[in-house]
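Throughout, a chain's letter reflects where its sequence line sits, starting with A, and its residues are numbered from 1. Scope of the values below: all heavy atoms of this structure, side chains included, with no hydrogens, waters or symmetry mates.
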Amino acid sequence: MLGRGSRFVVVALGVCFSPVAVPDGLLAQIAVEDDAGRRVEFTEPPCRIVSLIPAATEIVFALAAENCLVGRSIYDDYPPGVESIPEVGQAIGANIERVLAQGPDLVLLVAGSDNARTVEQFQRLGVPSLLFRLNRLPELRSTIERLGVVLGRPEAADSLLAAIDGQLESVRRRTRDLDPVTVYYDIAYPPPITIGAGSYLDALLEIAGGRNAFHDMSAPSPTVNLEAIVVRDPDVIVYPVGRAWGGAGHPGDRPLWKGLRAVTSGNVRQVDADLLHRLGPRVGDAARHLAEAIHPELAPETP
Amino acid sequence: MRPYLALLAFVGAAAVTGLVTGPAGLGIGDLGRILTGGGDARDRLILLDIRAPRVVAALLIGAALGVSGGLFQALLRNPLAEPYLLGVSSGAALGAVLALVTGVSAAGGPVLPLAALAGSLVAIGVVFRVARVAGTMDTRVLILAGVVTSAFLSACITLLLVLGPAEALRSAYFWTLGSLSGVSWNMDAILAIYAIPASLLAFRLARDLNALSLGEEAAAALGTNVERTKRSAFVIGSLLAAVTVAAAGIIGFVGLVVPHGVRLLWGGDHRRLLPMSFLAGGGVLAFADAAARGPWGAVEIPIGVVTAIVGVPFFLLLLRRGMTR
């Protein structure tokens with residue numbers, strides 16, 4: 001048992017040895033807190049990074065640090081050039097051996113209980129990891145900021161954030177004077193699954209000059225009642241389709257949807273799931289894409 | 001006659017509850033007005049094309065699951081038997097997941113239900129083939145064949161989902177929870193064409209199933225064609241379950257709990273048990289569906305959650321009552 005006396009000894013030893021030990025400030029030049037609330041320190045920017053978050057991979061590329069990437073998940077498909085980075089497995093339930101084989105000095109993981117055991121394993125093996133959550137717009141900002149700090153590129157992070165802000169602001173400017181339209185975002189059917197206020201897509205719709213028909217739902221992707229869609233009768237329906245997501249077909253083809261205002265007035269638009277369903281550095285493009293989908297009068301502006 | 005009247009009243013109450021439940025808030029008064037040709041277009045759409053087909057689907061699916069569960073419990077002489085035990089649901093799930101992963105489900109319409117139906121028919125066929133040795137069907141082998149086939153198919157599903165696109169996982173998850181959302185009158189017509197004649201055929205097996213409950217030798221001695229009875233019960237029970245899974249995904253507990261409930265309340269004579277399970281299953285599922293979409297605002301909870309949370313305590317209550325009597 002460590003009594004009062006022995007603690008004194010420890011303190012005394014610390015005082016005795018402090019002149020020879022490297023001061024704390026020098027040891028941990030870089031320190032960030034990840035989204036699991038863990039403080040992670042680095043003496044120099046890591047440059048053997050395995051990213052198991054497709055959006056974080058995009059951020060590393062956007063910060064021009066892609067030469068530090070030594071591994072990525074099977075879901076990474078952007079930007080061009082990403083395919084030359086070795087694939088090391090799934091984003092959740094990582095293949096620890098494949099990751100270790102790359103000799104990483106940092107692993108980026110999606111925050112969440114799904115990854116709890118993986119994080120523990122990396123901790124035991126002495127491989128630093130950072131957990132990031134990317135479900136809302138402010139989380140994108142803080143993830144970019146922290147990756148900038150860790151990679152030793154805070155200026156690049158600042159200019160990336162400024163560029164994103166500029167793009168979002170320009171979309172806002174273009175939609176400001178338009179009448180906002182109510183939008184139903186068709187994730188899956190049946191049952192009807194849409195987006196709620198807990199999703200960044202809800203915020204993007206707002207920027208794009210729309211109002212999410214189910215903004216009052218707090219969950220990120222609530223299952224809603226078909227009747228409620230009929231009652232709310234949105235102006236526009238958007239349905240995402242992409243390489244990784246076949247979607248649920250054209251909503252206008254569903255018998256019970258044929259009477260909806262959006263269907264009868266021809267306001268059902270397909271949107272790009274690959275661009276929209278990942279919150280990353282392309283969020284400005286995503287907002288513009290949404291704006292042009294729900295306000296077709298904006299589209300001709302881009303060639 | 002009295003139990004039948006009680007069950008018909010139960011079904012009627014469930015149907016009316018289903019019709020007046022929903023976020024649009026149309027009540028009994030509106031119901032009367034719309035059924036007599038009044039009301040605006042939106043209210044008519046909600047009541048006649050969204051709620052009514054859903055209530056009918058719940059009644060038919062619940063009825064089919066009730067009869068199917070009763071048949072399997074009689075065939076396997078096992079209280080844990082239920083419509084999904086022998087691979088119907090995992091076969092259907094594999095069909096649906098294949099459609100989701102390959103992207104053909106994006107074509108919409110009846111693709112997903114048809115894929116599910118095809119999957120369950122294949123599973124039923126495999127189990128049937130495996131369990132039939134030298135012209136006879138050993139029910140112990142049947143259970144093992146069904147459970148093992150289920151496990152194999154489930155492993156295939158997991159493999160597909162792990163290797164397939166991430167979003168298919170989410171869709172498949174919701175599909176396996178079961179939902180009556182978006183059923184149309186067309187779907188109801190298909191359900192009725194399958195479920196009602198198949199249930200009537202099942203009722204005709206009742207006398208032979210009663211004999212079977214005494215054991216196969218005793219049944220044979222009483223003049224029952226044991227092999228034909230078992231085969232018919234398996235095929236009819238499986239087809240009933242398959243059609244419900246194709247229409248609404250996997251809805252647990254109804255097929256297990258309803259026949260047991262009927263047995264505890266009114267006895268195990270299959271001449272009564274099967275028709276009563278038909279009525280009780282329909283009423284239970286229609287009430288469960290109303291509970292899944294009624295009290296939650298615009299949000300809808302999976303119907304399988306309701307059948308389990310309400311069904312299990314109710315069943316335990318019945319079980320206690322049955323044991324103390």
* Where do A:Val231 and B:Arg42 land on the side chain to side chain contact (heavy atoms under 4.5 Å, CB included) test, with the steps shown first? -> CA-CA 8 Å; A:Val231 171; B:Arg42 195 200 75 178; 4.0 Å; yes
Got more than 12 heavy atoms from elsewhere within 6.0 Å of [atom1], [X]?
X: B:Asp40; atom1: CG; answer: yes
X: A:Glu97; atom1: CD; answer: no
X: B:Tyr194; atom1: OH; answer: no

* Asked: Which heavy-atom pair separates B:Glu300 from A:Asn225 by the least distance, and what is that distance?
  -> OE1-CA, 3.2 Å
* Asked: Of the non-hydrogen atoms in B:Ala24 and A:Glu227, which two are nearest, and what is the gap between them?
  -> N-OE2, 3.1 Å
* Structural part of A:Arg232 lying under 4.5 Å from a heavy atom of chain B -> side chain
* Out of B:Ala41, B:Pro302, B:Pro23, which one racks up the most heavy-atom pairs below 4.5 Å with chain A? -> B:Pro23
* **Best-contacting candidate, A:Gly196, A:Pro255, A:Ala91, A:Ala228, against chain B by heavy atom pairs under 4.5 angstrom** => A:Ala228
* To do: Find the distance between OG (B:Ser181) and CD1 (A:Ile229) and round it off to the nearest 0.5 Å.
  => 7.5 Å
* Taking non-hydrogen atoms and a cut-off under 4.5 angstrom, which of residues 44-53 of chain B neighbour chain A? -> B:Leu45, B:Ile46, B:Asp49, B:Ile50, B:Arg51
